[in-house]
Amino acid sequence: MTHEPPIIDVKGVSLQLGDTWVHKNLNLSINRGEIVAIVGGSGSGKTTLLREMLMLQRPHSGSIRIFSHELTTASPTTLLEVQQRWGVLFQQNALFSSLTVQKNTAFPLREHTKLDDKTINELALLKILLAGLPLDAATKYPAELSGGMQKRAGIARAIVLDPELLFLDEPTSGLDPDSAGAFDELILNLQKTMGLTIVMVTHDLDSLWHVTNRVAFLGDGQMLCMDTMAALVKNPHPLIQAFFRGARGRITQAIYD
C-alpha cells in the first residue's frame, strides 16, 4: 500500500521581522482530508504562517511544499497553478464592495478560466447556494449583507474553482454564537461534500472542539504540539495550559467532555 505524501509539508521554516524571530525552525505536516486549526497566543505567528503557506510572505529559510511542489523556489507559472488548487477566506472576507455577490463569486472564474458567461454565472450561483446563501443574495452588494452572509459570500468565492485545499483566517470572528455554530456546520458539510482539506486560524474554542481533526499550537516561534483537542488540552506545556485553562476554556471543555 502506497503512502500518500502530506498535502502540506512545512519543514525548518524561519522568519525574522525586524529584531524578532517570528518562526524558528518551524515544522508542520497536514494530511489530505484533514481539518486542521492553527492556534496560539497573541503574536505567536499564526496568521504569518498562513501567509507563508499562501506565499504572501516568504520565509528566510526552510521548505514549504504544497501538493508536492516546493513553493519557496517555484516559478511564477508553477506558483499560479498551485494557487488555483486552493481557496482562501480572509478574516475580513476581502469582497469587492462594488461588485454583487454573484460577480464576486464569479471573479476567479473570469480570471482563470475560458468559460463562457452563461456557464460562469451558473457556476457562481451554484456555489452561492452551496455556501448556504439564498438565491436573492446573488444580486446584493456586500454592504447589504449581514456579517454572517458576507462570510458565506467569501466562502462561495473561495470554492468556485473547486479547490482541493481551503484556507480560513478566523472564519467565525465577529459572528454571534448561533451564526458561528451554523458556519461550523457549513465547514463540515463542505469538507464532506467536496473532499476538502481545510486549514484554519481561529480563536473560537467551540470551532476547535467541533470541527477539527487536529490542532497545531504555536509558541516561542515553533510548533509546540499538534494533536487532537482532547489530547492538546491535557498537554502540560505552560503556554498551552495558559491558553486553554481560562474560564471560557474550562467551560467549553466541560461541554464537549
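Throughout, residue positions are numbered sequentially from 1 according to the sequence presented. Keep in mind that what you see is a predicted model, and the values were worked out from it rather than measured.
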Verdict with reasoning, L218 to L26, per side-chain contact (heavy atoms from CB on, under 4.5 Å) = CA-CA 9 Å; L218 301 189; L26 187 148; 3.8 Å; yes
message = Regarding E81 and R85, does a basic nitrogen lie under 4.0 Å from an acidic carboxylate oxygen?
response = no
note = By side-chain contact (heavy atoms from CB on, under 4.5 Å), L123 pairs with (sequence neighbours left out) L109, L115, T119
Residues T72 and E70: side-chain donor-acceptor under 3.5 angstrom = yes
query = Does the side chain of T47 reach to within under 4.5 Å of the side chain of Q91, using non-hydrogen atoms?
reply = no
ask   = Going through the checks in order, is the side-chain contact (heavy atoms from CB on, under 4.5 Å) test met by V211 and M200?
value = CA-CA 10 Å; V211 307; M200 55 195 287; 3.9 Å; yes
Test side-chain contact (heavy atoms from CB on, under 4.5 Å) applied to T197 - qualifying residues, sequence neighbours left out = I7, I30, R32, L165
message = Side chains of L190 and M194, heavy atoms from C-beta outward: is any pair under 4.5 Å?
response = yes
key: Test side-chain contact (heavy atoms from CB on, under 4.5 Å) applied to K46 and L50, step by step   = CA-CA 6 Å; K46 305 178 296 295; L50 191 68; over 6 Å; no
Electrostatic pair K127:D162 at N-O distance under 4.0 angstrom = yes
ask   = Quick check: does any side chain N or O of E170 sit under 3.5 Å from a backbone N or O of F90, one acting as donor and the other as acceptor?
value = no
query = Do the side chains of R51 and L15 get nearer than 4.5 Å, heavy atoms only?
reply = no
inquiry  = Is any side-chain heavy atom of F244 closer than 4.5 Å to one of N235?
reply    = no
All side-chain contact (heavy atoms from CB on, under 4.5 Å) counterparts of Q191, not counting sequence neighbours = I35, I198
H60 and W21 aromatic ring geometry - parallel, tilted or perpendicular at 30°/60° bounds = perpendicular
